[in-house]
Asker: 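Once you've had a glance at the structure underneath, I'll fire off some questions.
Chain A is the first sequence line, chain B the second, and so forth, proteins listed ahead of strands; every chain is numbered from 1.
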Amino acid sequence: MYTILDKVQLAEGIFKVRIDAPLVAKNWKPGQFVVLMVNEAGERIPLTIVDGNSNDCTISLVFQVVGRTTMLLASKNAGDKIFSILGPLGRPSEVKKYGDVVVVGGGVGVAEIFPQARALKSLGNYVIGVVGARTYSRLVLVEELKSICDEIHVCTDDGSYGYRGFVSDLLKRLLEKKDTIGYVYAVGPVQMMKAVSEVTRDRGIRTFVSANPIMIDGTGMCGVCRVIVGGEIKFACIDGPDFDAHLLDFDTLESRLKTYTQRESEVYQKFKGCEYDG
Amino acid sequence: MMDSEEASIRQMPKLLTLEERVRTFNEVNLGFNEDQAQKEAARCLQCPKAFCTSGCPANVGIPQFISAIRNGDYKRAIGIICETNSLPAVTGRVCQVEMQCEKACILNKKRVPISIGLLERFVADIALKKGWKKLKCEQSHGGKVAVVGSGPAGLTVAGDLVKLGYDVTVFEAFHKPGGVLVYGIPSFRLPKDVVEKEIKTLEEAGVKFVTNVFVGKTLTLSELFKNGYEAIFIGIGAGAPIILNILGINLSGVYTANEFLVRTVLMKAYLFPKYDTPVDSGRRVVIVGGGNTAVDSARAAVRLGAEEVTIVYRRSEEDMPARREEVLRAKEEGVKVLPLVSPLRFVGDENNHITKLESVRNKLTYIDKTGRPTPISIEGSNFFIKANMAILAIGQRANKAFTQTIPEIKLDRDGYIIVNYESRTSLNRVWAGGDIIGGTATVIQAIGDGKRAALNINKTFDKSVR
């Protein structure tokens, strides 16, 4: 069992938990994730490690409530236990000195670019953050990111804060003005990552994204997280989760993510109902 | 004495009713009662040269334990079995007996071999129920051994070494120990309480199980050595599904058998939404492959409510590697077997969900090096099978996620760990066994490997540490 040490609500439906997980904290590197089960009857879901501290033996996870498991996790508080956490899984991100780099985060993805932003910065890159959300109330950790990045650009789909539009639009505007960008790293919804990859493709900018397919074991055993990269089958859990955005087939990634949408939303609605009934 | 007619009758186990079978995950084969076990044991010819024992990868003393059954000494019978096989309640259920001990049985010449598997299960179940499997352990001498993976190979090593006074810790990546016994083989063939009891026996003897540890990532091999483990056994299984490289492989609704079975068996998707993990309840399900995993998947699909379940296999039905008995049971449960068919591509709808499988018919040609005829496709014989769910059960390959973390270890061309006759890997103080050394992918082979590794780990300790 793994104890939650603290929980903070970052925005509407988005939470950050810090969990006691000494072994994960010790060997963790940016880009890696854990597979977590809230309770014994729960499902196994992957969550990116947004921070790990080997001194106090903790890891931090940020998640958005999208279904039953994340809702259950959101209902836990400091002192509560998590049934199972396996990690750190996946290959660490490739972090090098490129010069000028952009980290792009959409929605809850803003939290997930933190490890890269920090690592890229520590290697001496000039780090530009491009982040956005649907609306202002969903925007997370902008101030914290400002303290890491050399500059930061913010947008919302509805214009309630910063530039009105998508992060891909904002990135495009940035790239039109600045032609020194050597690397782009993006995390967010599949369509957002796809749009970012289209923006950088013609310009030939090396671009990586963190693929977010459904996972179960997270150790390369079940194959549910398979993605097509440059025409080849890869497992996001052991070959990824980071992949070259210009080679990743975003469309099958997205359609496979939707496999259980209907069944899950039925259960989620039912479960939500129970919660509200008290 | 029985007359010769009665002596030739092979006892048949009681089965769950078909009605109950197709709607529950309860065990189908109910095994022998005592009367049946006695009658079956009485048929054994007690050959002085035991072909059955030679036919068993773990060399179980079969005539000896059957003789003990005849004498009503079940405790002695289980003792004999456990000398070479640590998981008889498991192997008595899942062993490919018709290809091993029962194939070698002299009575097989008349097609009535002794039902060795069910006799083994009979005594193993009594032993589990009565608690006879309690391990007698030598006094602890402090030798610390880490076992990586809690499948049949790892459990065997743990059991054998704890008996010899070792301090054994088993590391498992999943949240529950048991490996393939808990995530792969469905409960209608291997009830999960059988596995839980075997694990509890080991725990009571002092074996420590640590779940949620992916050795190589959560804890590295060198960290294990630093933590004082003096020997490490790797029994992580093959661990990666083979994926057909055909069009439509990434449509939703196309599963590997590993995914489908992990969801259904380990995560208990058949109890959704009581358990949170969902699984497609396909109405028309097509399974590709001919092994036990294919048949297990087909039968699980039936139980999940599928209306039409079809197994397509590229060779003839007789060539299917699955257990005959299980194929028979599957057919009784409504599974169709379509032999001599190979998949060509999966076709999907506008939402990228599978709607059908395009296949081609095969004919058999020359015998290949595995002794089976090679299928080649018949031109122009293409046809479609409607399906809203497909399950690929075409085998495993070596998962490199662990071996990549120890680049020094010697692997063969396919990524399996190379071991010598003492189960030693190329790394000092590291042994390996089970599917990760590229064996025959059976539980009994993994147990055999575990026995050999434990013996050799102990020999090494005798020389150096103790």
Side-chain angles (χ1 to χ4, degrees), chain A residues 2 21 23-24 26-28 32 34-35 37-45 67-69 72 83-91 214 216-228 231-233 235 237-239 249 251-260 263-264 266-267 270-271, chain B residues 172-176 183-184 210-214 216-220 223 236-245 248-263 266-269 271-281 348 351-353 392 396 399-402 404:
Chain A
Y2 301 80
L23 295 177
V24 186
K26 188 167 174 232
N27 286 327
W28 165 80
Q32 290 188 298
V34 293
V35 167
M37 281 172 89
V38 180
N39 56 35
E40 204 173 344
E43 60 177 335
R44 296 173 65 94
I45 59 159
R68 173 160 179 174
T69 302
L72 205 58
F83 173 68
S84 161
I85 290 178
L86 175 66
L89 301 172
R91 289 174 192 256
I214 296 172
I216 307 176
D217 59 288
T219 64
M221 202 199 79
C222 82
V224 63
C225 68
R226 62 186 183 273
V227 288
I228 299 173
E232 271 181 64
I233 298 268
F235 287 1
C237 67
I238 55 171
D239 302 318
D249 177 355
D251 294 340
T252 56
L253 170 63
E254 172 131 62
S255 59
R256 285 183 64 78
L257 268 170
K258 287 182 179 156
T259 305
Y260 296 103
R263 296 197 84 185
E264 280 174 340
E266 282 163 21
V267 171
K270 215 164 132 189
F271 183 63
Chain B
E172 166 60 42
F174 265 128
H175 51 280
K176 199 188 254 181
Y183 74 70
V210 182
T211 52
N212 302 318
V213 171
F214 181 168
K217 301 239 181 206
T218 314
L219 266 172
T220 63
E223 281 174 313
I236 56 173
I242 294 177
I243 308 242
L244 274 178
N245 200 1
I249 194 70
N250 246 19
L251 291 170
S252 56
V254 178
Y255 287 74
T256 68
N258 279 8
E259 180 197 347
F260 177 70
L261 291 173
V262 167
R263 282 181 184 274
L266 176 73
M267 307 307 291
K268 298 195 178 1
L271 299 174
F272 181 86
K274 194 178 151 204
Y275 282 73
D276 294 345
T277 304
V279 71
D280 258 0
S281 46
N351 298 319
N352 279 329
H353 195 98
L392 298 174
Q396 309 280 318
N399 182 347
K400 296 183 179 133
F402 166 72
Q404 273 167 352

Asker: Counting only non-hydrogen atoms closer than 4.5 Å, does B/Tyr183 touch chain A with its backbone (N, CA, C, O), its side chain (CB onward), both, or neither?
Answerer: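 Side chain of B/Tyr183 only, per the 4.5 Å heavy-atom cut-off to chain A.
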Asker: Using a cut-off of under 4.5 Å on heavy-atom pairs, state which of A/Ala21, A/Ala41, A/Gly42, A/Gly220 scores highest against chain B.
Answerer: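 Ranked by heavy-atom pairs under 4.5 Å with chain B, first place is A/Ala41.
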Asker: Given that the side chain runs from C-beta out, which part of A/Ile216 has a heavy atom under 4.5 Å from chain B: side chain, backbone, both or neither?
Answerer: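 The answer is the side chain of A/Ile216.
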Asker: Quick one: which of A/Val224, A/Ile238, A/Asp251 has the most heavy-atom pairs under 4.5 Å with chain B, could you say?
Answerer: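 Result: the option with the highest number of such pairs is A/Val224.
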Asker: Holding to salt bridge (charged side-chain N to carboxylate O under 4.0 Å, His left out), I want the full list of residues that pass it with B/Lys176, two or more places apart in sequence or in another chain.
Answerer: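 Result, salt bridge (charged side-chain N to carboxylate O under 4.0 Å, His left out) vs B/Lys176: none returned.
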Asker: Atom CZ of A/Arg44 and atom CG of B/Asp276: how far apart are they, to the nearest 0.5 Å?
Answerer: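 Here the rounded value is 13.5 Å.
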Asker: Does B/Asn399 have any side-chain hydrogen bond (donor to acceptor under 3.5 Å, both in side chains) partners at least two apart in sequence or in another chain, and if so, which?
Answerer: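 B/Asn399 satisfies side-chain hydrogen bond (donor to acceptor under 3.5 Å, both in side chains) with no residue once adjacent residues are dropped.
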Asker: Which atoms of B/Glu223 come close to chain A, meaning under 4.5 Å heavy atom to heavy atom: side chain ones, backbone ones, both, or neither?
Answerer: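 Just the side chain, heavy atoms under 4.5 Å.
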Asker: Under a 4.5 Å heavy-atom cut-off, does chain A meet the side chain of B/Ile249, its backbone, both or neither?
Answerer: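 For B/Ile249, backbone and side chain are both near chain A.
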Asker: Of the listed residues (A/Glu254, A/Met221, A/Gln32, A/Glu232), which shares the most heavy-atom pairs with chain B below a 4.5 Å separation?
Answerer: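 Result: the option with the highest number of such pairs is A/Met221.
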Asker: Between A/Phe83 and chain B, with a heavy-atom cut-off of 4.5 Å, which part of the residue counts as in contact: side chain, backbone, both or neither?
Answerer: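 Answer is both: backbone and side chain atoms of A/Phe83 are under 4.5 Å from chain B.
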Asker: For B/Lys217, is it the side chain, the backbone, both or neither that has a heavy atom under 4.5 Å from a heavy atom of chain A?
Answerer: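 Both parts, backbone and side chain.
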Asker: Report which part of B/Lys400 has an atom under 4.5 Å of a heavy atom belonging to chain A: side chain, backbone, both, or neither.
Answerer: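 Contact with chain A is absent: no heavy atom of B/Lys400 under 4.5 Å.
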Asker: Looking only at heavy atoms, what is the nearest atom pair of A/Ser84 and B/Asn212, with distance?
Answerer: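 Minimum heavy-atom contact is OG-OD1, 2.7 Å.
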Asker: Closer than 3.5 angstrom, by distance alone: can the side chain of B/Asn352 be matched with the main-chain N or O of A/Arg256 as a donor-acceptor pair?
Answerer: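 No, the answer is negative, given that no donor and acceptor are paired below the 3.5 Å cut-off.
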Asker: Is any side-chain heavy atom of B/Pro278 less than 4.5 Å from a side-chain heavy atom of A/Glu43?
Answerer: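 Yes. Closest side-chain heavy atoms under 4.5 Å.
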Asker: So what's closer than 4.5 Å to chain B heavy atoms on A/Lys258: side chain, backbone, both or neither?
Answerer: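 Contact with chain B involves no heavy atom of A/Lys258 at all.
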Asker: What's the separation between atom OH in B/Tyr275 and atom CD in A/Glu40, rounded to the nearest 0.5 Å?
Answerer: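 It comes to 6.5 Å.
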Asker: Quick check for you: among A/Val24, A/Leu89, A/Ile85, which has the greatest number of heavy-atom pairs under 4.5 Å with chain B?
Answerer: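 Most heavy-atom pairs within the cutoff with chain B belong to A/Ile85.
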Asker: Is chain A contacted by the side chain of B/Ile243, its backbone, both, or neither, given a heavy-atom distance below 4.5 Å?
Answerer: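 B/Ile243 touches chain A through side-chain heavy atoms alone.
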Asker: Rounded to the nearest 0.5 Å, what's the gap from NZ on A/Lys26 to CG on B/Leu219? Could you check?
Answerer: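 Between atom NZ of A/Lys26 and atom CG of B/Leu219 there are 7.5 Å.
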Asker: So how far is it from B/Phe174 CZ to A/Leu86 CG, rounded to the nearest 0.5 Å?
Answerer: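 One finds 9.0 Å between CZ of B/Phe174 and CG of A/Leu86.
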Asker: With respect to chain A, which residue among B/Val254, B/Leu261, B/Leu271, B/Leu266 yields the maximal number of heavy-atom pairs within a distance under 4.5 Å?
Answerer: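 Greatest number of close heavy-atom pairs with chain A: B/Val254.
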Asker: Pick whichever of B/Thr218, B/Asn258, B/Thr256, B/Asn250 has the most heavy-atom pairs under 4.5 Å with chain A.
Answerer: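 Of the options given, most contacts go to B/Asn250.
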Asker: Specify the closest pair of heavy atoms between A/Arg226 and B/Tyr255, including all atoms of both residues, with the distance to one decimal.
Answerer: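 Where A/Arg226 meets B/Tyr255 most closely, the heavy atoms are NH2-N, 4.4 Å.
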